[in-house]
Amino acid sequence: QVQLVETGGGLVQAGGSLKLSCAASGRTFSTYAKGWFRQAPGKEREFVSAITWVDGRTEYADSVEGRFTISRDKAKNTVYLQMNSLRPEDTAVYYCAHQTFNGGIYSRDRYDYWGQGTQVTVSS
């Protein structure tokens, strides 16, 4: 089992920044990738960004490319999402996810463990 705890959400004005953190505990020795997804009211959970744990390869959704940056601290088993130039359409609950084996980092169905989510609200 892997436990994931997200922190860092909150309310920010458009154009502002937030940094999300996701700390992992448990059976973290087997990690292929960690990802961030988000879910707005009435919408499906969508891919935001992911990072492979060994080589640090990063991927982003087109909607956040150039504004968000994912990073990891392997010693702390923590993944981060730096979010800049936030827009009202970025408002959602943001979830951290853990993928044990390579199953494709874009699909939420390929992730094995999920955090409880943290609310990000961007006001206009």
Side-chain angles (χ1 to χ4, degrees):
Q1 293 288 330
V2 174
Q3 294 78 42
L4 303 170
V5 178
E6 302 104 331
T7 56
L11 173 64
V12 65
Q13 288 188 332
S17 299
L18 282 174
K19 186 174 184 177
L20 306 182
S21 300
C22 173
S25 61
R27 297 175 63 89
T28 59
F29 54 85
S30 184
T31 304
Y32 175 73
K34 287 210 170 38
W36 287 98
F37 290 75
R38 66 187 182 186
Q39 188 166 18
K43 295 187 177 181
E44 291 191 353
R45 193 171 298 187
E46 64 175 4
F47 173 80
V48 174
S49 182
I51 186 166
T52 56
W53 205 244
V54 173
D55 60 5
R57 178 173 63 90
T58 59
E59 299 289 344
Y60 298 93
D62 289 344
S63 58
V64 307
E65 181 83 54
R67 300 188 297 123
F68 291 11
T69 302
I70 191 170
S71 61
R72 76 206 189 299
D73 185 327
K74 296 170 73 175
K76 294 182 178 179
N77 281 317
T78 299
V79 62
Y80 305 95
L81 187 68
Q82 176 67 47
M83 305 185 295
N84 298 328
S85 302
L86 282 161
R87 305 167 180 168
E89 53 264 39
D90 294 318
T91 295
V93 177
Y94 283 70
Y95 296 91
C96 173
H98 171 104
Q99 186 175 105
T100 306
F101 301 107
N102 184 5
I105 61 175
Y106 294 96
S107 173
R108 63 179 186 266
D109 295 336
R110 300 298 185 178
Y111 287 79
D112 309 292
Y113 302 99
W114 292 82
Q116 81 288 352
T118 185
Q119 177 70 46
V120 172
T121 303
V122 185
S123 63
S124 58

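All values below were derived from every heavy atom in this structure, side-chain atoms included, with hydrogens, water molecules and symmetry-related copies excluded.
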Practice problem: Might you work through the side-chain contact (heavy atoms from CB on, under 4.5 Å) test for Y80 and T69, ending with a clear yes or no? | Solution: CA-CA 8 Å; Y80 305 95; T69 302; over 6 Å; no

Quiz item: Name the one of F37, W36, Y106, Y32 that satisfies ring pair (Phe, Tyr, Trp, His ring centres under 6.0 Å) with Y111?
Solution: F37

Quiz item: Got a donor-acceptor contact below 3.5 angstrom from the Q39 side chain to the A92 backbone?
Solution: no

Self-check item: From S25 atom OG to Q1 atom CD, the distance as rounded to the nearest 0.5 Å
Solution: 10.5 Å

Quiz item: Can you check whether I70's main-chain N or O pairs, donor with acceptor, with Y60's side chain at less than 3.5 Å?
Solution: yes

Quiz item: Taking only residues at least two apart or on different chains, which pairs with a member in residues 39-49 satisfy salt bridge (Lys or Arg N to Asp or Glu O under 4.0 Å)?
Solution: R38-E46, E44-R108

Quiz item: Which pair of non-hydrogen atoms, one from K34 and one from A24, has the smallest distance, and what is that distance?
Solution: CE-CB, 3.8 Å

Self-check item: side-chain contact (heavy atoms from CB on, under 4.5 Å) between N77 and W53, intermediate numbers included
Solution: CA-CA 10 Å; N77 281 317; W53 205 244; 4.2 Å; yes

Practice problem: Not counting sequence neighbours, list each pair that qualifies as a salt bridge (Lys or Arg N to Asp or Glu O under 4.0 Å) and has a residue in residues 67-85. | Solution: R67-D90

Quiz prompt | Donor-acceptor contact present, side-chain Q99 to main-chain G104, <3.5 Å | solution = yes

Exercise. Would you please name every residue forming a side-chain contact (heavy atoms from CB on, under 4.5 Å) with D62, sequence neighbours left out?
Key: none

Quiz prompt | pair V48-Y95: side-chain heavy atoms closer than 4.5 Å | solution = no

Quiz item: Which pair of heavy atoms, one from L81 and one from S49, lies closest together, and at what distance?
Solution: CD1-CB, 4.2 Å

Quiz prompt | Distance, nearest 0.5 Å, that separates CZ of F101 from CG of D112 | solution = 8.0 Å

Quiz item: Which disulfide bond (SG atoms under 2.5 Å apart) pairs, counting each pair once, include a residue from residues 59-124, with sequence neighbours left out?
Solution: C22-C96

Practice problem: Would you mind listing every salt bridge (Lys or Arg N to Asp or Glu O under 4.0 Å) that reaches into residues 52-61, with sequence neighbours excluded? | Solution: R57-E59

Self-check item: I51 reachable from M83 in the ILVMFWY side-chain graph, under 4.5 Å edges
Solution: yes

Hey, can you pull the donor-acceptor pairs under 3.5 Å for the side chains in residues 10-19, sequence neighbours left out?
residue : atom : partner : partner atom : Å
S17     : OG   : N84     : OD1          : 2.9

Quiz item: Can you say whether the rings of F68 and Y94 are parallel (under 30°), tilted (30 to 60°) or perpendicular (over 60°)?
Solution: tilted

Quiz item: Does the side chain of L20 reach to within under 4.5 Å of the side chain of V120, using non-hydrogen atoms?
Solution: yes

Quiz item: Which distance, rounded to the nearest 0.5 Å, do you find between the CD of E6 and the CD of Q116?
Solution: 4.5 Å

Quiz item: Are side-chain heavy atoms of E89 and V122 found at a separation under 4.5 Å?
Solution: no

